[in-house]
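Single-structure report; data block below.
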Amino acid sequence: MAGKAPAGDPVQDAPEVSAPQHAAAGLPAIGHTLRIAQQQMGVRRTALTLLKVNQKDGFDCPGCAWPEPEHRHTAEFCENGAKAVAEEATLRRVTPDFFAAHPVADLARRSGYWLGQQGRLTQPMYLPDGADHYEPVPWERAFEIVADELNRLAGPDEAVFYTSGRTSNEAAFLYQLFAREFGTNNLPDCSNMCHESSGSALAETIGVGKGSVLLEDLYRADLIIVAGQNPGTNHPRMLSALEKAKASGARIVTINPLPEAGLQRFKNPQTPKGLAGGGTQLADLFLQIRLGGDQALFRALNKALLEAEDQAPGTVLDQAFIAGHTHGFEECAAAARATGAEEVLRATGLPQSEIDELLAMVLDAKSVIVCWAMGLTQHKHSVPTIKEVVNFLLLRGNIGRPGAGVCPVRGHSNVQGDRTMGIYEKPAPAFLDALEKEFGFAPPREHGLDTVAAIRALRDGDAKVFFAMGGNFVAASPDTDVTEAAMRRARLTVHVSTKLNRSHVVTGARALILPALGRTEKDVQAAGEQFVTVEDSMGMVHASRGGLEPAGPLLLSEPAIICRLARAVLGPDSRVPWEELEVDYDRIRDRISRVVPGFDDFNVKVRRPGGFTLPHAPRDSRSFPTATGLANFTAAPLEYPHVPEGRLLLQTLRSHDQYNTTIYGLDDRYRGIKGGRRVVLVHPDDAAALGFADGAYTDLVSEWTDGTERRAEGFRVVHYPTARGCAAAYYPETNVLVPLDHTADTSNTPASKSVVVRLERTTPVGGHH
Ligand SMILES: Nc1nc2c(c(=O)[nH]1)N[C@H]1C(S)=C(S)[C@@H](COP(=O)(O)OP(=O)(O)OC[C@H]3O[C@@H](n4cnc5c(=O)[nH]c(N)nc54)[C@H](O)[C@@H]3O)O[C@H]1N2
Ligand SMILES: Nc1nc2c(c(=O)[nH]1)N[C@H]1C(S)=C(S)[C@@H](COP(=O)(O)OP(=O)(O)OC[C@H]3O[C@@H](n4cnc5c(=O)[nH]c(N)nc54)[C@H](O)[C@@H]3O)O[C@H]1N2
Ligand SMILES: [Mo]
């Protein structure tokens, strides 16, 4: 299997490399933002649009799920949020002429970057069986095509309904309602590839699969640990919160194989000092851990805490909390005590002195928060790793009180809300009971397919229709060649999208592209102008109202698309008044308020400025709705990746100029990389040992346990200060290397942060250089 740079692409991949930067944001970030925004939107639209981001009367930034502070700046957005907005609010358009000029086979040879740069989709497009080109199709006909295919399946479980995390609460609720009335729980989502490990670990240990802290908690914390996250690029507004926390006395520790800019020094673009001066040194301590070493690190800390308590009983652990609120302490303690120092060193690569330094800071801190993202969730042993983080917090009672708790930092702006609305292949029985009571049909009870299982089902011919509400499933999923072959076996693939992407050109026998309104756009229905709602990473729900004229007169909102589709598929027998729900989204929210806990008076509460906070039992009342009724300590076996001699462990991550599979540009400014994405970051000593000079070209060959190999061709080696034995390269180009079966235990999340690879010398793709 081989992953080549798509040929025929006008964009050359010729990376230039300079020293990585230490500070994030500041003036260069602002210049860069305005340049990208103006290229897409022009000057006037740039000014009008960016001023509405994250304001109380504006739209929710589609960039990430970091919450909005109570006191907002006029410009409450960041460089990368602005890029996300510009990408959607672009003035470029993909019209039927474009599809007439480009056969699908031609589009399939283009890069994802090129596809995205063509602009907004404007009309429903249909690719008939055997056709070379997409052709325009009226909406009603498009819905008929989907209805015909769905209604001739042998059963509803032959259909798959994927969701990406930008979908609003209203659209998500309708979408799961439609899938379940149709008869299936096949509702995989991007969360399956993202924070599923967090959800699995937290649901089992504290009873709620979401973070337990609010912004105020960050400002009150004594110690904030940021593990496996690159907020300077992926959650830039988090840096402002960390800066504020720091000003109120918090210490900050980062745990990462890479020294990410921003965590080292942050120049707040919202303040004069940040713009001109040297910025704030955010991290007090940086532990350069090996990929996958976090479980061992937290276990070592837990062991040290237990030993400190032995030395001075009653002073280190929160014995009252442990006795009153937790279960399983003895087993957890025994596992921690049994951990050997050499094993911790092997797993983490960290000298004992650094672990001791962190321990001293922990002992010094009354309240501790741990934040994390994909560096902790995308490993085989991610669920036990996050459970070990929970053990660590429970030992000193650091959950359910001010300034303390778990903070999984979500990715997509409404990925958490989508799950709350029932986008889940394993719905809770109570949720299905509530749906049944409200709508009067019996939803399916059997669990459905998650992302990886859906790919297998398509590959094996067990699923035949693939429908996506947003996202770019083909490019975001692991094992690109396997996934693409699976998709090509489908009878019909349908994508509700704003922008052209790879998933539109790797299709089933027939395919549809259905263009939707984005966050920034006005949504007018029969009852007047509508707004939608979203839930951020901290469980705050608020309204989002677009102000721009839609990218074209034919676009429909996601709720409208679902309502019309549902009518076409389910016909007059449906128990849901789809027509009524499409006209006025207040009617959707009325239904949500009766089905989803925490949403009572939804229509009233969401109209309050800033919205409202969802209940969270551990945070609000230190009660834990788990199987034991208590917070659960756990004692999983210690795991870490084993890398054979002469191989490296590869993580696949984001550059500064991308949003998942959407590529904004070819630079990764903070890491000193310009003009190309096919780079692999390797420690200079590892590179030397393997015989690779900086600037040499290599293929990346992944070696899977079943003996199969996967290849990604033509990467420039960059000598980079990553942890020893580890390497890093960008996703989605490297998804071709991630075996479909290489997933996290329990959560089934692709383990895209630990792929064993070998380097094989080659020449640059295309021969330039
Ligand atoms: N601009 C922009 N913003 C985004 C996105 C985007 O693509 N672009 N994507 C959004 C989405 S969906 C998500 S989920 C988030 C993702 O946000 P992140 O999780 O920050 O994204 P990644 O680029 O995958 O970075 C992973 C980080 O974890 C570190 N890491 C990797 N493995 C390990 C490990 O084993 N241990 C430790 N301690 N660290 C490790 C990496 O070095 C890197 O710093 O961002 C969201 N926001
Ligand atoms: N190797 C590797 N693979 C990964 C990851 C990794 O770190 N490494 N990260 C994983 C993670 S964390 C995630 S979340 C997934 C992301 O997986 P996805 O969510 O499926 O992918 P995105 O790239 O975010 O989707 C981008 C597309 O969404 C569409 N879109 C944008 N806005 C809207 C909208 O408002 N409405 C509609 N209908 N469509 C819209 C556009 O057409 C755009 O092309 O990828 C995962 N894959
Ligand atoms: Mo994500």
Side-chain angles (χ1 to χ4, degrees), residues 62-66 78-81 83-84 87-88 112 115-116 121 162-168 171 189-195 226-236 254-258 260 263 287 289-294 297 372-379 382 385 409-413 415 451 468-478 495-504 513-521 558 561 641 649 651-662 664 722-723 726 728 730-735 737-738 749-750 752-755:
C64 74
W66 189 257
C78 64
E79 174 191 351
N80 275 347
K83 289 189 214 161
E87 183 76 17
E88 179 177 302
L115 293 174
L121 296 160
Y162 175 72
T163 313
S164 170
R166 255 190 215 182
T167 301
S168 65
D189 68 349
C190 66
S191 201
N192 296 148
M193 299 184 263
C194 184
H195 264 294
V226 182
Q229 195 195 346
N230 178 21
T233 284
N234 297 314
H235 305 90
T254 66
I255 303 172
N256 202 307
L258 297 173
E260 304 285 33
L263 292 170
L287 297 188
I289 197 167
R290 287 205 173 129
L291 288 168
D294 304 83
L297 173 62
W372 71 89
M374 297 304 99
L376 258 54
T377 65
Q378 297 176 335
H379 293 281
S382 281
T385 297
V409 182
R410 302 278 161 175
H412 269 298
S413 52
V415 63
T451 291
M469 185 56 60
N472 184 2
F473 188 83
V474 160
S477 294
H495 286 86
V496 177
S497 309
T498 52
K499 302 288 294 276
L500 195 63
N501 66 42
R502 178 96 189 142
S503 300
H504 303 131
I513 302 173
L514 307 179
L517 292 177
R519 279 282 166 80
T520 53
E521 288 162 322
E558 292 180 356
I561 291 172
L649 194 62
Q651 64 157 322
T652 61
L653 81 182
R654 292 153 175 80
S655 85
H656 194 62
D657 271 2
Q658 74 183 85
Y659 193 91
N660 299 337
T661 68
T662 298
Y664 302 134
T722 180
C726 303
Y730 303 131
Y731 121 87
E733 289 82 348
T734 46
N735 253 332
L737 298 172
V738 184
T749 295
S752 43
K753 295 285 190 277
S754 49
V755 182

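Atoms within each ligand, like the ligands themselves, are counted from 1 in listed order. Values below: all heavy atoms of this structure, side chains included; hydrogens, waters and symmetry mates excluded.
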Task: ligand 2 to Val738 polar contact by distance, N or O atoms, under 3.5 Å - done: no
Open item on the list: Would Met469 count as being in polar contact with ligand 2, using the rule that some N or O on each side must be under 3.5 angstrom apart?
Closed with: no
Task: ligand 2 to His412 polar contact by distance, N or O atoms, under 3.5 Å - done: yes
Task: Shortest reach to atom 42 (O) of ligand 1 by a heavy atom, considering only Asn256, Asn80, Val226 - done: Asn256
Open item on the list: Give the atom numbers and elements of ligand 1 that come within less than 4.0 Å of a heavy atom of His235.
Closed with: 15 (C), 17 (O), 45 (O), 46 (C)
- [ ] Provide, to 0.1 Å, the distance between atom 9 (N) of ligand 2 and the closest protein heavy atom, together with that atom's residue and name.
- [x] Arg654 NH2, 3.1 Å
Task: Nearest neighbour in protein (non-hydrogen) for atom 45 (O) of ligand 2 - done: Tyr731 OH, 2.8 Å
Task: Distance from atom 20 (O) of ligand 2 to nearest protein heavy atom, with residue and atom - done: Tyr162 OH, 2.7 Å
TODO: Report yes if some N/O of Ser477 lies less than 3.5 Å from some N/O of ligand 2; otherwise report no.
DONE: no
Task: ligand 1-proximal atoms of Gln651, by part, heavy-atom distance under 4.0 Å - done: side chain
TODO: Heavy-atom distances under 4.0 Å are what count here, so tell me which part of Gln378 touches ligand 1: side chain, backbone, both or neither.
DONE: neither
TODO: Determine, using heavy atoms of Lys753 and all atoms of ligand 2, whether some pair is separated by less than 4.0 Å.
DONE: yes
- [ ] Report the part of Asn234 (side chain from C-beta onward, or backbone N, CA, C, O) that has a heavy atom under 4.0 Å from ligand 1; answer both or neither where that applies.
- [x] both
Task: Residue, atom name and distance, where the atom is the protein heavy atom closest to atom 32 (N) of ligand 2 - done: Arg166 NH1, 2.9 Å
